[in-house]
Every structure is written in C-alpha cells, then in structure tokens.
Undergrad: 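So that we are looking at the same thing, I have put the structure below in structure tokens.
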2 protein chains.
Amino acid sequence: MVQFVHPSRDDITLEGILEALSDPMRLRIVRALVAQQGCMSCTEAAPCPDMAKSTLSNHFRILRQAGLVMTSKKGVEHRNVIRLDDIEARFPGLLKMILGFYDAEKAG
Amino acid sequence: MVQFVHPSRDDITLEGILEALSDPMRLRIVRALVAQQGCMSCTEAAPCPDMAKSTLSNHFRILRQAGLVMTSKKGVEHRNVIRLDDIEARFPGLLKMILGFYDAEKAG
DNA sequence: TCCGTAGTTCGATATTATTGAACTATTGAA
DNA sequence: TTCAATAGTTCAATAATATCGAACTACGGA
C-alpha cells in the first residue's frame, strides 16, 4: 500500500514552492488543479497526453513534497487537490499572483 | 571582447523568472542586488565564497537570460544591476513579494 | 479468479549543473 | 612597454538530476 507524505503547513518553504513551479509541466498541473476547484486524478491533470506515466508520477511527487498538492487514494486512482489554504496561509497572494501572470501570458 | 545579451522587457517570461529564482544561490544573488540598490560585481554578489568562478559566472548568465540582471563591463569587472523597472512592468509586485517572503523566512 | 486501469518504483539513458584549467580583457606597477 | 595580478568567461570532464520504458502493486469489475 502506497502512503503519501505531505509536509505540514509550517514546513512548506518558499524554495520548495519556487522549485516546484519553475517547471512548465508542473505549473500547468497546478493551473489545472486550481481551475478545477476539486480533485483530479493524475491523468486528468496531466499537462500533455504523451508524457510517460513515470514522469508524471514524479512531477506529482515533487508537487506533494513542496506542499502544493495533497494526494489521497480513492479506489484505483489518486485524488489530487491543491492545498490552497495552506499555501495562502504560508505565502499570501503568491500562488494567485503567479497563476494570474501565467494566465495573462497564455492569453497573449 | 565579451558582449552580453539581455532580453528586451517584453521578452521576459514568467517561466524564465521562476526558473531563475528557483535556485537558492540565484535567489541570494538577486536578494543582494536588490538590497544594494546599485551595481555589484559578480564576486561582490556571490552567495558563498567557496563557489567556483565558473559556476558563479553561469548563474549570472542565467539571471541575465531571464531578464533579471543587466550586466555591463567596467574595467576589469562586471557591473550587475537588477532590472527592477522591467520586471515590475512585466510582472508587477512579483519580485517584491517573493523577496518579502524570502526575507521573512530568513528572519525565522 | 482473471483482466484492465491508475500509479509507483526501478534501472538505464539523456539532460543539466558544477568544477578546475585554460583563456581574454583590463588595470596597475616596474 | 612589459609583466604580473584581477575579474570573469569558456571549455571539457564529471556529478547530479530528469525522463523514459518495463516491471510491479493495488484496486475494481466481469
């Protein structure tokens, strides 16, 4: 049985957040999770369909370790939720600002 | 004669900024440059004294490419300045917020 | 019980970062 | 001028990290 380790709110670091969000694929995953306002399986939140499962799994592991994502098991799939409250408590406004700029850039 | 390439303001990307700031050493360099409110040589802004010159040089190259730092040559040394205005124009509030959280974290 | 699905883990390869050594450009002193 | 010292870059080799496919685990349904 796979058990996930999530850092407590206070153990979320700026370095971890920046490191996690510095990868374009992970930024897209986080973007999708925030937009969803609920949980998504890993495959649902996948940033591109041709990415290897193992790579996707690794990205989620990094997002979990950074404290950005909380994963629980539900049946055969994993339910991933963005830890909005914890991130907001730790770094108020940061995620919203980054995603805002991200969206603006994508919108052109 | 070494000539430096700096992206124009509009070519500064969020991805580039996040990528550049996701490295702790580069974040410390940027921290120092902002605090200085003026130019610093590479060695002056070095995040730790035992870092290899080539590594330090590479970090500055990444910061330049991201559009965070502007480097000009003055005599035997390089004058590095943080591109505050350009970054603020492109991503208002972002750098200030990140550095604010960084300082808060360091203050413990 | 057996098959399909969703993810993880593992070992190998590909990419990226770091390093020391050699090099360039500039300054200052003999 | 010439020589040594300084600041930083470039290069080639190595160290570290990311990606991948294959094998594996766990669960659900036929």
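Just so we're on the same page: letters track the sequence lines, and every chain starts at 1. The structure presented is a predicted model; accordingly, all values stated were derived computationally and were not measured.
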Undergrad: I need the CG-C1' distance between B:Leu56 and D:dT10, as an integer number of Å.
TA: 15 Å
Undergrad: Heavy-atom distance under 4.5 Å between the side chains of A:Leu95 and A:Ile82, does that happen here?
TA: yes
Undergrad: Under a single-linkage definition using a 4.5 Å side-chain heavy-atom cutoff for Ile, Leu, Val, Met, Phe, Trp and Tyr, are B:Ile12 and B:Val81 assigned to the same hydrophobic cluster?
TA: no
Undergrad: Identify, between A:Lys74 and A:Ile62, the residue whose nearest nucleotide on DNA chain D lies closer to the 5' end.
TA: A:Ile62
Undergrad: With a 4.0 Å limit, can you tell me whether B:Arg64 has a side-chain N or O closer than that to the phosphate oxygens OP1/OP2 of D:dT9?
TA: yes
Undergrad: Check every atom of C:dT18, D:dG21, C:dA6 against the side chain of B:Thr55 and return the nucleotide holding the closest atom.
TA: C:dT18
Undergrad: Using a cut-off of strictly less than 4.0 Å, decide whether A:Thr43 has a side-chain nitrogen or oxygen near OP1 or OP2 of C:dT5.
TA: no
Undergrad: With both distances under 3.5 angstrom, what nucleotide forms a Watson-Crick or G-U wobble pair with C:dA6?
TA: D:dT25
Undergrad: Without decimals, in angstroms, what is the distance between B:Glu19 CD and C:dT16 C1'?
TA: 10 Å
Undergrad: Write down the distance between CZ (A:Arg26) and C1' (D:dA18), rounded to a whole number of angstrom.
TA: 9 Å
Undergrad: Using whole Å, report how far CD of A:Glu77 lies from C1' of D:dA26.
TA: 13 Å
Undergrad: Does some side-chain heavy atom of A:Leu27 sit less than 4.5 Å from a side-chain heavy atom of B:Glu15?
TA: no
Undergrad: Whole-Å distance between C:dG11 C1' and A:Asn58 CG?
TA: 14 Å
Undergrad: What nucleotide, of C:dA25, C:dA22, C:dT5, holds the atom closest to the side chain of B:Lys53?
TA: C:dA22
Undergrad: B:Ala52 has a side chain; which of C:dT19, C:dT18, C:dG7 sits nearest to it?
TA: C:dT19
Undergrad: Could you tell me whether A:Phe4 and A:His78 have their ring centroids closer than 6.0 angstrom?
TA: yes
Undergrad: Are OP1 or OP2 of C:dT9 and a side-chain N or O of A:Ser54 less than 4.0 angstrom apart?
TA: no
Undergrad: Could you tell me the separation between the CZ atom of A:Phe4 and the P atom of C:dA6, rounded to a whole number of Å?
TA: 15 Å
Undergrad: Strictly below 4.0 Å: does A:His78 bring a side-chain N or O up to OP1 or OP2 of D:dC27?
TA: no
Undergrad: In whole Å, I'd like the distance from the CZ atom of A:Phe60 to the C1' atom of D:dA18.
TA: 17 Å
Undergrad: If you compare every side-chain N and O of A:Ser57 against the phosphate oxygens of C:dG7 (OP1, OP2), does one of them come in below 4.0 Å?
TA: no
Undergrad: Should B:His59 be listed as having a side-chain N or O under 4.0 Å from OP1 or OP2 of C:dA17?
TA: no
Undergrad: Does any non-hydrogen side-chain atom of A:Gln36 lie less than 4.5 Å from one of A:Glu44?
TA: no
Undergrad: Once you round it to whole Å, what is the distance between P of D:dT6 and NZ of B:Lys73?
TA: 17 Å
